[in-house]
Amino acid sequence: VEHDGHDGHGPQHHGLSMHHAHHAATPAQERVQRQWALIFVTAIVTCSVTFETLKEVTIERTPPSMIKVVEKFFGELATLGFIGTISFVLTTDFEGAESLLAQLSFTYTGDTHLLIHEFHALHFLVFFVMVFFVTAVLVTLQRAVSQKEAWTRFESQFEILLKDPKTDNSEIQKVMRSPAMPPGVDGTVTYEFSQPESTRKAQFLCSRQRFIDDAECSVKIPIDFDFAQYLTMRISHVLAEVVEIGVMDWVALWVVYLIMFMINAWVQHIFHEERGSMMPVYIVMGFFLVIQILNLFGALYIFRTLAFIKFMLTPDMEQHSDSNYGAAHASFRHPSEGGERTEEERKEEERLAKYHVPLKAPKYIAQMKLVRKPSDMTLGERFFSIFLTTAHATKHEQLFGIFGTHGPHHVLRCIKLVLLGAVVSFACTVSILFPFMWEISPVFPFVAIVPACVCLFLTPRMVVLYTWACSTEMMKDSDTIIEVIRSQKQKKLMNILRILSMLSYFLDQVEFLKKL
């Protein structure tokens, strides 16, 4: 509602002052108001209790190795509460005065509601982003837990096979042998999803043996090392990094929004004479779809790169046709080697050495060069070498391409941006662009979210591949290895104490029976 002002300031807007005018309420209205106040308080308490219950259930059902991820996840939810507090402060009237955002809106637009409406639309978008982000994180966490169960199952089945006295070396080789694949199939996106469980198990066991056999590791790895627990702890660390949205991630999101804002302003300037034209909306939607497609191609490229890195890091068994078949690789620690070991450990190593399978060195050992000439670099690596001054990369780090020693850090950042970009794209399509796309075609909104859904589908597997790529060979995490070894020793000690407790109870019972 507006009227012509007489003070030289143009039209006057009643807005919130009219909306918040005090009216005498009837007794019936006051009674209904009190009833709804009770309903609102009950709803808020119910939502709070439900959230706390779900939080406790999630923590209880989460494996101890994944607790760190859950804590980071709930920490990110606090961002939503902080944004809600800012929204309350900016849009609430105090002591009869209009809210800060209403005053700004009146000053710059001449309407007390325009900026508030725009702010609520963006607040609603942020809420959708957080909801979809929570859903994506929960799905990724569930996929990580499933992967942990698969690794633990592979480890347990292999231990049972080793403890069986009837097991011979040929059975071990049968389990650790991967089927031969045509050239160019390994390390692709389709093959990574279509691998049978037997192949995944063989790759896990071959990587496990090479991991334990590495004599150059700064930590002495026992022959019964729990490789599954090590990978689980590493994937927990990676997931905690992915869940935590840092400052640079929000800055990257803001840059994308800034570009879209500038394009929108440019389009509005060009078509300002065409009132009612939908062309600006179509151009903005087109640019938005281009961003989604670029995000999809980025996700596919990262996935392909990580799958190829895993293929290059995975050792293969030596075949009977190989000239050096039967010879263990150079870093295998034979039982005859020196070192401080107890008699029990020495016997265990001698027993397990009979089941040792000869492995080939991973492919990256032969294909990567420590000293690279300019002729060995690709055109992209030569271009970026002008701007990037990095330390000399190892053969393992060279697998990450142009970023060298910083490759793992940048790849993890890209995974986070792919996840965040997919979530924001999904939220924008649902909360803002859906009605415009629906006008074009009822099918168009559902087609538009396909790239974001594909990115969300690829993210959990990318996290698993990244864990493989950054936790083996020359990128072993010594701190995690020490923690796993300490945990194994504690379990063994607890088992010994349990046995001694049972023996003590048995001896007490014998003494009691003697007295009778």
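The figures that follow rest on heavy atoms only: side chains count, while hydrogens, waters and symmetry mates do not.
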Counting only pairs under 3.5 Å, give me each side-chain donor-acceptor contact of residues 429-441, with atom names and distances, residues two or more places apart or in other chains.
| residue | atom | partner | partner atom | Å |
| --- | --- | --- | --- | --- |
| Thr429 | OG1 | Ser425 | O | 2.8 |
| Ser431 | OG | Ala427 | O | 2.7 |
| Ser441 | OG | Val443 | N | 3.3 |

Considering residues at least two apart in sequence or located in another chain, which fulfil the ring-ring contact (aromatic ring centres under 6.0 Å, His included) criterion with [X]?
X      : answer
Phe288 : none
His396 : Tyr364
Tyr108 : none
Phe193 : Phe303, Phe457

By the side-chain hydrogen bond (donor to acceptor under 3.5 Å, both in side chains) test, which pairs, at least two apart or in different chains, include something from [range]?
range            : answer
residues 125-138 : none
residues 288-301 : none
residues 449-469 : Gln147-Arg461, Glu192-Arg461

Would you say [X] and [Y] make side-chain contact, with heavy atoms under 4.5 Å?
X      : Y      : result
Met475 : Arg234 : no
Ile302 : Val418 : yes
Asp477 : Ile481 : no
Val242 : Thr140 : no
Met262 : Trp266 : no
Val411 : Leu306 : yes
Val238 : Ile415 : no

Indicate yes or no for a side-chain donor-acceptor contact from [X] to the backbone of [Y] under 3.5 Å, with no hydrogens or angles considered.
X      : Y      : value
Ser487 : Glu483 : no
Ser105 : Leu101 : no
Ser236 : Thr232 : no

Working to the nearest 0.5 angstrom, can you tell me the gap between [X] [atom1] and [Y] [atom2]?
X      : Y      : atom1 : atom2 : answer
Thr199 : Lys201 : OG1   : NZ    : 12.0 Å
Ile44  : Ile39  : CD1   : CD1   : 12.0 Å
Thr152 : Gln229 : OG1   : CD    : 8.5 Å
Thr472 : Leu231 : OG1   : CG    : 8.0 Å
Phe133 : Leu456 : CZ    : CG    : 11.0 Å

Going by salt bridge (Lys or Arg N to Asp or Glu O under 4.0 Å), name the residues that satisfy it together with [X], two or more places apart in sequence or in a different chain.
X      : answer
Lys476 : Asp214
Arg31  : none
Asp226 : none

Exercise. Could you please spell out the steps behind the ring-ring contact (aromatic ring centres under 6.0 Å, His included) verdict for Phe211 and Tyr230?
Key: CA-CA 11 Å; Phe211 188 94; Tyr230 169 78; 4.8 Å; yes
Quiz prompt | Ring centres under 6.0 angstrom apart (Phe154, Phe227) | solution = no
Quiz item: Tell me, which pairs form a salt bridge (Lys or Arg N to Asp or Glu O under 4.0 Å) where one or both residues lie in residues 412-432, sequence neighbours left out?
Solution: Asp249-Arg413, Asp249-Lys416
